[in-house]
Amino acid sequence: MAEDTRLTPQSEDFSAWYNEIVQQAELAGHSPVRGCMVIRPYGYRIWELMQADLDARFKRTGHQNAYFPLFLPLSALEKEAEHVEGFAPETAVVTRGGGKELEEPLVVRPTSEAIIWPIVADWIQSYRDLPMLLNQWANVVRWELRTRPFLRTTEFLWQEGHTAHATAEEALEETRSMLGVYRAFMEETMAMPVVTGEKTPGERFAGAERTFATEALMRDNRALQAGTSHYLGQNFARAFEVQFQTEEGEHDYVFNTSWGVSTRLVGGLIMTHGDDQGLVVPPRLAPHQVVVVPIWKDEDQRVLVLEAAERLRSVLAGELRVHVDARDTLNPGAKFYEWERKGVPLRVEIGPRDVARQQVVAVRRFTPEGEERKRFLGEAEAIAVLPRLVDAIQAELRDAARQRREAHSVRGLDDYGTFRERMEGEGGFVYAGWCGSEACEAKAKEDTGATIRVLPDEEFRSDPSPGRCLVCGEAAAAEALWARAY
RNA sequence: CGGGGCGUGGCGCAGUCCGGUAGCGCACCUGCUUUGGGAGCAGGGGGUCGCCGGUUCGAAUCCGGCCGCCCCGACCA
């Protein structure tokens, strides 16, 4: 049986490992419609915990939630030229309704700028109505050609922030600020370190003037774009007539931003922390932070041990998400494997011997160098120690992920041949110069599959900064972060 | 959308070449014994063999079309 359910090792076939983990950790499954996935309760719980954390951050920064419709008139999408060009090829369009051909086709939103701004335009009259700071939790549909669970699905869940401001400076500040919120969430809550920076013109959101992103490095050394934040200038305001009266009595178009993260983050979480034993969920996003596995031999022991387990659970319930696995259809070993596969941060074993000694056994899912995987804790001690241990694991996962990223990042590389070898071999992040031409970007992609993920923000840049373009050898206009990406 | 692979109980597969009415492991149900790293024995339930059509006395198997999934590329959160 052990043989039948073992995961393909990451080193052997990372894609197979990923697909198996999605199935075996009961995160998601297939649906009858191509490219669509069913998010199962365990996977959805992780998303809910992400949502709760992000939503609190959005509210703390002054944003309000609203909800706009799933459908938008085709004509609305077509109002912003670049926007429609970017999204039209991947939209689903409804042409029939109620058994009749529709007068105007309805687009299933691929993103909501084109439905939000025509409506919100009426909410904004004066500079006093600004800034307008909105967010919505929604599903969107993009008819992708190739899908993978969580990473790219035809329908996906996300949040999309949409804001309007009186000045360009303020809108740009918002764009930057929300990128910072994403970064904080990813590092603090997901324990997933990211590099922030600006996208090159070729990688911009359709209709945006500037696009910023967070990029994370997955365990197969490919990059994942985890979140994006766009400065839209007045492009959408002009297209959708979003004007306001200034303090001086003039009329002007608002300056917009939009920003989003999606269920793709669940994929990022899997590929940042998971190992050959299965999923590893950082405690802040773990559906169960502690699973108690009771161990017994007879009915008397069962009662005693379950009492002790329940006692521990109820004392900790205010601080930790604790689950007691009281199933009598599986023996303890089987439960150990199951919860490891599902990435539960801490397992607590309570057997007859422990009850007699008034102790519990705490076993970590993730153990860094120098830490004990298994600890024996007195019952009272456990109540104090377990919450601290959970916090420590959160930090250790983040540190380990950062170390892994740094171990697979190189700087100062200026030889194109070496770059090609690296991208075809181990992969990872390469910080190197870029002359600013789309031709060099395209050539690198053609030769190696690698793209410029971002032009990194200052704190991520190298010292000294690269002098020459990695591809053509001409003077570098900027430092770029290159990688093969999902 | 191009190249490659694959669709058979919930999962993983055999059977397909050479047509004869579906089988194995795991999972599931019942009972007993078990339970500190994937339990054992006994009994049992579950599949129009991806879909549609054709050939045939007879199709999982042969032929045609379609759909879906996986991997690699181009598009993308």
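Chain naming here is simple, since letters A, B, ... match the order of the sequence lines and numbering starts at 1 in each.
When both pairing distances are held under 3.5 Å, B:G2 makes a Watson-Crick or G-U pair with B:C72. Of the nucleotides present, B:C67 is the one that pairs with B:G7 by Watson-Crick or G-U wobble criteria, both distances under 3.5 Å. Applying the Watson-Crick and G-U wobble criteria (two distances, each under 3.5 Å), B:U55 pairs with nothing in any strand. Shown here, B:C49 forms no base pair; nothing in the strands shown gives a Watson-Crick or G-U wobble contact with both key distances under 3.5 Å. The partner of B:A60 is absent, by the rule that a Watson-Crick or G-U pair needs both atom distances under 3.5 Å. Base pairing analysis places B:A14 opposite nothing; no Watson-Crick or G-U wobble pair with both distances below 3.5 Å involves it. Pairing of B:G36, defined by two Watson-Crick or G-U wobble distances under 3.5 Å, is not identified with any nucleotide.
Residue A:P352 has its side chain nearest to B:G36 when only B:C70, B:G37, B:G36 are considered. Of the listed nucleotides (B:A77, B:C75, B:G36), B:C75 has the atom at the smallest distance from the side chain of A:K445. Minimum atom distance to the side chain of A:P332 is reached by B:G36, of the listed B:C72, B:G36, B:G37. Of the candidate nucleotides B:G36, B:C71, B:G37, B:G36 has the atom lying nearest to any side-chain atom of A:I295. Checked against B:C75, B:C70, B:A77, the side chain of A:N19 finds its nearest nucleotide in B:C70. Listed nucleotides: B:G36, B:A77, B:G37. Nearest to the side chain of A:R347: B:G37. Distance from the side chain of A:E144 is smallest for B:C75 among the nucleotides B:G38, B:C71, B:C75. Set against B:C72, B:G38, B:U35, the side chain of A:S15 has B:C72 as its closest nucleotide. Of the candidate nucleotides B:G73, B:G36, B:C71, B:G73 has the atom lying nearest to any side-chain atom of A:R484.
Note on A:T154: nothing from the nucleic acid sits closer than 4.0 angstrom, heavy atoms only. Within the 4.0 angstrom heavy-atom criterion, only backbone atoms of the sugar-phosphate kind lie near A:Q225; the bases stay farther away. Note on A:K374: nothing from the nucleic acid sits closer than 4.0 angstrom, heavy atoms only. Within 4.0 Å (heavy atoms only), A:L151 reaches at least one base atom of the nucleic acid. As judged by a 4.0 angstrom heavy-atom cut-off over every strand, A:G35 is placed among residues touching the sugar-phosphate backbone only. No contact: A:R204 has no heavy atom under 4.0 Å from any strand. Across all strands, A:V261 comes closer than 4.0 Å to no nucleic acid atom at all (heavy-atom distances).
Scanning both residues, A:W158 and A:V140, for their nearest heavy atoms gives NE1-CG1, 3.4 Å.
Between A:Y431 and A:F429, the angle of the ring planes goes over 60°, which puts this pair in the perpendicular group of the 30/60° scheme. Using a 30° and 60° split on the angle between ring planes, A:H63 and A:W259 fall in the perpendicular class, above 60°.
With rounding to whole Å, A:L330 atom CG is found 11 Å from B:A27 atom C1'. Straight-line distance from the CZ atom of A:F212 to the P atom of B:A77: 16 Å, rounded to whole Å. Between A:D220 atom CG and B:C72 atom P there is a gap of 10 Å when expressed in whole angstrom units.
Residue-to-nucleotide contacts include no donor-acceptor pair under 3.5 Å from the side chain of A:R146 to the base of B:G3. Below the 3.5 angstrom threshold, one finds no donor paired with an acceptor across the side chain of A:Q23 and the base of B:G10.
Look at the P atom in both B:G9 and B:U48: the space between them is 9 Å, to the nearest Å.
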Do any side-chain atoms of residues 281-289 of chain A form donor-acceptor pairs under 3.5 angstrom with protein atoms, and if so which ones, sequence neighbours left out?
residue, atom, partner, partner atom, Å
A:Q289, OE1, A:R321, N, 2.8
A:Q289, NE2, A:P283, O, 3.0

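Each of A:A16 and A:S262 was assigned the nucleotide of RNA chain B with the nearest heavy atom; the assignment lying further toward the 5' end belongs to A:A16. With the nearest nucleotide of RNA chain B identified for both A:C36 and A:G227, A:C36 has the one nearer the 5' end.
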Original post:
Can you check side chain to side chain contact (heavy atoms under 4.5 Å, CB included) on A:I46 and A:L27, steps first, answer last?
Top reply: CA-CA 9 Å; A:I46 294 173; A:L27 300 175; 4.0 Å; yes
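Residue A:W158 and nucleotide B:A77 are not classified as a stacked aromatic pair, given the requirement of ring centres less than 5.5 Å apart at an interplanar angle below 30°. With centroids closer than 5.5 Å and planes inclined by less than 30 degrees as the test, A:F336 and the base of B:G37 fail to qualify as a stacked pair.
In this structure, A:D13 has no salt bridge (charged side-chain N to carboxylate O under 4.0 Å, His left out) partners at least two apart in sequence or on a different chain.
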